Asks: 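This is the structure I want to talk about, given as C-alpha cells.
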Amino acid sequence: MSGRALVGNGDVNDLGLWDGHGFFFLRAGQRNGLFQGGVIIHRERLRYRRIVWNALRRARFEKPGGFQYSRSYRYRAWAERSEPSGINEYVSHFPLLPPAEVVREPVTYFLDATLHQNFNSFAARHVAKRLQVEALAYEREAYLASRFVVCWSRWCANDVESFYGISPEKIRIIPPGAGVDEDSVPAPLPWNGDLSPLRLGFIGGDWERKGGPLLLDIATALQRMGHSVEVVAIGPEAAALPRHPALRAKGFLDKSHALPRFVELVRSLHFGCLLSSDEPFGISTLECIRLGVPVIGTTVDGIPETVPPGAGLLVSLEQTGEEIAEMLASLLRRPEEYAAMRDAARNAAPLQSWNRTADRFLALLQDEQVPKASLP
C-alpha cells in the first residue's frame, strides 16, 4: 500500500493556507485512502533566510522578491519539512516542491495554473525576469520527471503541453472541489420566487482584480432601471471599499470558525459574481454552485470551466456594466429563466466536492483509468 502525502507551499493541514484548498483535498483524501497525511513546509523557519536573500539581491542591484521561486528556498524548505513516516509517493500543489533532483519517490502535480501562467498575470510584478526564467526551466524538468501533471482546467492543461512540451500521455484534468467542508453543506433550499432585492455576491480579497468595480457599475445601472439590488461583499473590509448605496460589506470570514456564516451568506445570494480580469480558476464560483447558487463569470482563463451549463451567465470583459445589467433585467422580467438556472445549479452541486476529486485522483494513481486530457 502506498504511503502517499500531499505537498503545498506551507502546511496543508492548515485551513488558512491557500484558501483551504490543500486542507479540503487532504481531508477528502484521508477519507478514501488517497493520502496518509500532509507534508508541513515550515515557511516561518525561513524568514531570516528570505531577508538575507532579498538583501543580497539588492546589493547586486537585482529586484528583490520571489524567494519562494528560488533554488535556495526549495532546497531549504524541503530539508526543514515535517511529514508522516513511511511516505513513498507525493502529490504536490506547488510545482517547485518537492525538489525533483532530490526526491526519488514518484511525484504527481495538481495545479490550478502553471508558473508560466502566473508570471504572465498578477504574480509577474513581484518576480525578477531572470528568476522567472530559472524557475520556469526548473518547473519543466519537474514535470518531465513526474508521474502525472494533473490540472484543474483545460486552460492549465493546454499550457503544460504547449509551453513546457509535456506529453499529453502524462497530462490529466481533474477539477477541484469547492472550498467548503462537506459536513457543513446543508440540503439545498427551494427558491422562494423572490428576486427583490436582487442579491449579487462578491467573494474574494482582491476587489479590483476580481471585478468589484464592474459589479458596482452593474448595480448602479440596475438601480437606474428601477430595480432594487444589493451587492454582498465577502472578503474585503468595509473601510477598503468605495461607498455605494447597494454595497453590503461583510468583511473577511475565517472559514476555520465562521464557515456556517459563510455558507449562510452564499445561500442568500441570487448570483455569485466573479468578474475577474485575471483568474486561474473560479473557486468562488464552485463554492456558489456547491451551495446551489447560480453564478456570473467572465470568459477569462479557467473561469468558464467552473460554470456548469445552464447554471449561470458568462460575460466578456468588453461588456459594460450597463450591458450586463440589461441581461439581468431581462431575467427579472422572466423569473422562470432564473428558476431554471437555480435548478441547474442545484443539480450540479454534488459534482463540486473535494470527495469526488479525491475519488477521481485515487482512481488515476491506482488504476490510471482517468481519461487523458483531449487537448486541442
Side-chain angles (χ1 to χ4, degrees), residues 19 112-113 117-118 120-123 152-153 155 178-179 195 197-225 227 229-238 240-252 262 265-266 268-291 293-332 338 341 344-345 352:
D19 292 330
D112 65 331
Q117 290 170 321
N118 284 335
N120 281 328
S121 62
F122 53 90
W152 289 15
S153 67
W155 172 74
L195 283 170
L198 182 67
R199 288 172 62 85
L200 306 176
F202 174 96
I203 303 171
D206 194 331
W207 175 256
E208 296 288 332
R209 180 174 62 83
K210 290 180 179 287
L214 178 57
L215 188 53
L216 290 186
D217 288 346
I218 295 168
T220 299
L222 284 168
Q223 288 177 326
R224 281 200 301 263
M225 297 174 193
H227 299 292
V229 59
E230 294 179 354
V231 173
V232 180
I234 304 171
E237 296 301 329
L241 297 177
R243 292 186 178 182
H244 191 283
L247 188 58
R248 308 288 185 268
K250 304 300 179 180
F252 173 72
F262 175 82
L265 281 173
V266 171
S268 75
L269 303 174
H270 292 108
F271 285 101
C273 303
L274 184 59
L275 303 174
S276 297
S277 58
D278 191 351
E279 194 75 44
F281 200 77
I283 285 293
S284 67
T285 50
L286 290 190
E287 291 170 342
C288 292
I289 296 294
R290 183 68 188 95
L291 296 171
V293 176
V295 294
I296 304 171
T298 47
T299 53
V300 167
D301 301 338
I303 293 177
E305 298 176 59
T306 69
V307 181
L313 300 171
L314 285 171
V315 299
S316 166
L317 284 177
E318 282 69 46
Q319 289 178 266
T320 65
E322 189 82 30
E323 291 169 335
I324 299 170
E326 188 54 56
M327 295 170 66
L328 292 174
S330 176
L331 281 176
L332 295 175
Y338 176 76
M341 285 186 182
Q352 321 303 318

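Bear in mind the structure is a predicted one, so any value in this text is a computation, not a measurement.
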Asks: If you look at every heavy atom in Leu195 and Leu332, which pair is closest and at what distance?
Replies: CB-CD2, 3.7 Å
Asks: Would you please test Val266 and Glu287 for side-chain contact (heavy atoms from CB on, under 4.5 Å) and show each step?
Replies: CA-CA 8 Å; Val266 171; Glu287 291 170 342; 5.7 Å; no
Asks: Look up atom CD1 in Ile218 and atom SG in Cys273, then write down how far apart they are to the nearest 0.5 Å.
Replies: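 So the CD1 of Ile218 and the SG of Cys273 are separated by 6.5 Å.
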Asks: Do you know which two heavy atoms are closest between His244 and Leu216, and how far apart they sit?
Replies: NE2-O, 3.6 Å
Asks: Kindly give the heavy-atom pair with the smallest separation between Gly205 and Pro236, and that separation in Å.
Replies: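 Where Gly205 meets Pro236 most closely, the heavy atoms are O-CG, 4.4 Å.
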Asks: Looking at every heavy atom in both Val229 and Ala246, which two are closest together, and how far apart are they?
Replies: O-CB, 3.5 Å
Asks: Tell me which pairs pass ring pair (Phe, Tyr, Trp, His ring centres under 6.0 Å) where either residue lies in residues 200-219, with sequence neighbours left out.
Replies: Phe202-Trp207
Asks: CE/Met341 to CG/Leu331 distance, rounded to the nearest 0.5 angstrom?
Replies: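 Nearest 0.5 Å value for the CE-CG distance: 4.5 Å.
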Asks: Tell me, please, which residues at least two apart from Arg243 pass salt bridge (charged side-chain N to carboxylate O under 4.0 Å, His left out).
Replies: none
Asks: With rounding to the nearest 0.5 angstrom, report the CD to CG distance, Glu279 to Leu274.
Replies: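 With rounding to 0.5 Å, CD (Glu279) is 5.0 Å from CG (Leu274).
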Asks: What's the spacing between Leu313 CG and Thr298 OG1 if we round to 0.5 Å?
Replies: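 Rounded to the nearest 0.5 Å, the CG-OG1 separation comes to 12.5 Å.
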Asks: Atom CD1 in Ile296, atom CG in Leu215: separation rounded to 0.5 Å?
Replies: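 Taking CD1 in Ile296 and CG in Leu215, the distance rounds to 8.0 Å.
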Asks: So, taking the atom named CD in Gln352 and the one named CD1 in Ile283, what distance separates them when rounded to the nearest 0.5 Å?
Replies: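 Between atom CD of Gln352 and atom CD1 of Ile283 there are 10.0 Å.
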Asks: Could you check whether any side-chain heavy atom of Leu265 comes within less than 4.5 Å of a side-chain heavy atom of Lys250, counting everything from C-beta outward?
Replies: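 Counting from C-beta outward, Leu265 and Lys250 do come under 4.5 Å.
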Asks: Specify the closest pair of heavy atoms between Trp155 and Asp112, including all atoms of both residues, with the distance to one decimal.
Replies: CZ3-O, 4.0 Å
Asks: Distance-only, no hydrogens or angles: does the Tyr338 side chain make a donor-acceptor pair with backbone N or O of His270 under 3.5 Å?
Replies: yes
Asks: So which atom in Ala325 and which in Ala221 form the shortest heavy-atom distance, rounded to 0.1 Å?
Replies: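 Shortest heavy-atom contact: CB-CB, 3.5 Å.
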Asks: Under a 3.5 Å distance rule, please check whether Arg199 uses its side chain to pair with a backbone N or O of Val232 as donor and acceptor.
Replies: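 A pair under 3.5 Å: no.
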Asks: Using side-chain contact (heavy atoms from CB on, under 4.5 Å), reason through Thr306 and Ile289 one step at a time and then give a plain yes or no.
Replies: CA-CA 9 Å; Thr306 69; Ile289 296 294; over 6 Å; no
Asks: Using distance alone, with no hydrogens and no angle criterion, decide if Glu318 and Ser316 have a side-chain donor and acceptor under 3.5 Å apart.
Replies: yes
Asks: Considering residues at least two apart in sequence or located in another chain, which fulfil the salt bridge (charged side-chain N to carboxylate O under 4.0 Å, His left out) criterion with Glu305?
Replies: none
